[in-house]
J.: 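Dropping the structure in here first, questions after.
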Amino acid sequence: MMNELTAAAQSARSRAYAPYSKYQVGAAVRAASGKIYTGSNVENASYGLTICAERVALVAAVAAGERRFEALAIAAGDESPGMPCGACRQFMAEWFGPEVPILVVSSRGEQKQMTFGELLPEPFGPAALEEGKR
Ligand code: THU
C-alpha cells in the first residue's frame, strides 16, 4: 500500500518544474476514497511564488472534493530523504490527524517513516479556531 504511494511520489518527482533550485520534489497523497493525488514542486521566475510538491498534491485532492486523507509519500533528496518544509506541515494540519503516516524517500531509496503528529506536534488547525472563539 505504501509502495504504491511511494512509486506515485517518485513518478511525480520526475515532473517537477525546478529550473532554479534544481531540487526536485514529488508528493502523493492517498485520500479516504482510495484515490491517489500527486504533485511536484512548481517554481517561478519570481522565486517566492514557488509552490511545494506537497501543497500541489493536497490542493489537487481538495479541489477534487477530498477532505479525508490516509497517508502521504514524499520523494525528495539524493542521499537522505528531504523533509517537508514548515509551510507544508501547516498546510497538512488542516486535514491530517496525528496518526496519518508520512513516508519520505530519497533518490537512493533511503526511507523514513513517521506520523504527522511526529512531524508537527501541537498543531494549529481548524479545532483551535473553534475553541478560540470564546
Ligand atoms: N520544496 C518542496 O517542494 N517541498 C518541500 O517540502 C521543501 C521544498 C521545493 C520548493 C523549491 O522548489 C525547492 O524545493 C527548493 O526549496
Side-chain angles (χ1 to χ4, degrees):
M1 182 138 150
M2 283 308 255
N3 280 352
E4 189 191 359
L5 206 59
T6 304
Q10 282 166 326
S11 159
R13 188 185 190 185
S14 71
R15 297 186 290 277
Y17 177 73
Y20 308 110
S21 73
K22 316 266 195 248
Y23 185 83
Q24 299 175 318
V25 185
V29 67
R30 184 190 302 281
S33 68
K35 283 190 194 162
I36 291 176
Y37 298 83
T38 62
S40 59
N41 52 331
V42 180
E43 298 188 345
N44 189 273
S46 177
Y47 293 2
L49 295 181
T50 292
I51 309 176
C52 294
E54 295 89 330
R55 277 177 286 156
V56 172
L58 275 167
V59 162
V62 172
E66 306 285 359
R67 295 292 185 272
R68 292 184 303 119
F69 298 97
E70 290 179 347
L72 173 76
I74 302 160
D78 180 24
E79 292 183 22
S80 52
M83 298 298 290
C85 80
C88 288
R89 295 179 198 205
Q90 176 59 34
F91 208 80
M92 293 171 204
E94 192 73 15
W95 297 284
F96 290 7
E99 302 310 323
V100 171
I102 315 276
L103 198 105
V104 193
V105 60
S106 71
S107 306
R108 292 190 182 185
E110 200 181 301
Q111 300 199 353
K112 266 186 206 166
Q113 188 170 341
M114 67 222 82
T115 62
F116 180 64
E118 289 168 331
L119 206 58
L120 185 62
E122 305 290 343
F124 176 79
L129 284 184
E130 284 309 308
E131 286 164 24
K133 278 179 183 162
R134 286 182 291 275

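The figures that follow rest on heavy atoms only: side chains count, while hydrogens, waters and symmetry mates do not.
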J.: Determine yes or no for a side-chain-to-main-chain donor-acceptor pair under 3.5 angstrom, with Ser40 supplying the side chain and Arg15 the backbone.
T.: yes

J.: Run the ring-ring contact (aromatic ring centres under 6.0 Å, His included) test against Tyr20 and tell me which residues pass, sequence neighbours left out.
T.: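 Tyr47.
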
J.: Got a second to check how far Asn3's CG is from Gln111's CD, nearest 0.5 Å?
T.: 7.5 Å

J.: Hey, could you give me the OG1/CZ distance between Thr50 and Arg55, rounded to the nearest 0.5 Å?
T.: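 Reported value, rounded in 0.5 Å steps: 9.5 Å.
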
J.: Do Thr38 and Ser11 come close enough that some side-chain heavy atom pair is under 4.5 Å?
T.: no

J.: Please round to the nearest 0.5 Å and tell me the distance separating atom CG of Leu72 and atom CG of Leu103.
T.: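 With rounding to 0.5 Å, CG (Leu72) is 9.0 Å from CG (Leu103).
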
J.: Judged by atom type as modelled, is there a donor-acceptor pair below 3.5 Å linking the side chain of Gln90 to the main-chain atoms of Phe124?
T.: yes

J.: In the single-linkage hydrophobic clustering (I, L, V, M, F, W, Y; side-chain heavy atoms under 4.5 Å), do Ile36 and Leu58 co-cluster?
T.: no

J.: So how far is it from Leu120 CG to Met92 CE, rounded to the nearest 0.5 Å?
T.: 9.0 Å

J.: Would you say Ile51 ends up clustered with Tyr23 if hydrophobic residues are merged whenever their side chains have heavy atoms under 4.5 Å apart, either directly or through other cluster members?
T.: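 Unlinked, Tyr23 and Ile51 end up in two clusters.
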
J.: I need the minimum non-hydrogen distance between Cys52 and Cys88, along with the two atoms involved.
T.: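 Scanning both residues, the minimum pair turns out to be CB-SG, 3.3 Å.
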
J.: Donor-acceptor pair, distance only, cut-off 3.5 Å: does the side chain of Glu118 make one with the backbone of Thr115?
T.: yes

J.: Of all residues at least two apart in sequence or in a different chain, which pass the side-chain contact (heavy atoms from CB on, under 4.5 Å) check with Leu49?
T.: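 Residues passing side-chain contact (heavy atoms from CB on, under 4.5 Å) with Leu49: Asn44, Ser46.
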
J.: With hydrophobic residues grouped by side-chain heavy-atom distances under 4.5 Å, do Val29 and Val105 end up in a single group?
T.: no

J.: Got a second to check how far Gln24's CD is from Glu43's CD, nearest 0.5 Å?
T.: 9.0 Å

J.: Mind checking whether Ile102 and Val59 sit in one hydrophobic cluster, side chains of I, L, V, M, F, W, Y counted as touching below 4.5 Å?
T.: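 Yes, Ile102 connects to Val59 through the hydrophobic network.
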
J.: Can you name the nearest heavy-atom pair linking Gly39 to Ala12, along with the distance?
T.: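 So the two residues come closest at O-CB, 3.4 Å.
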
J.: Got a donor-acceptor contact below 3.5 angstrom from the Arg30 side chain to the Phe69 backbone?
T.: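 Side chain of Arg30 to backbone of Phe69, a donor-acceptor pair under 3.5 Å: no, none is there.
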
J.: Identify the heavy atoms of Ile74 and Gly82 that sit nearest to each other, and give their distance.
T.: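 Taking every non-hydrogen atom into account, CG2-O, 4.3 Å.
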
J.: Are Phe96 and Met114 co-members of a hydrophobic cluster defined by side-chain heavy atoms under 4.5 Å apart?
T.: yes

J.: Which pair of heavy atoms, one from Val104 and one from Met83, lies closest together, and at what distance?
T.: CG2-SD, 4.2 Å

J.: If you measure from CZ on Arg13 to OG on Ser106, what distance do you get to the nearest 0.5 Å?
T.: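 Interatomic distance, Arg13 CZ to Ser106 OG, rounded to 0.5 Å: 7.5 Å.
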
J.: Could you tell me which non-hydrogen atom of Asn41 sits nearest to which non-hydrogen atom of Ala16, and how far apart they are?
T.: OD1-CB, 3.1 Å

J.: Taking all atoms of both residues into account, what is the closest heavy-atom pair of Ala9 and Ala73, and its distance?
T.: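 So the two residues come closest at CB-O, 3.6 Å.
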
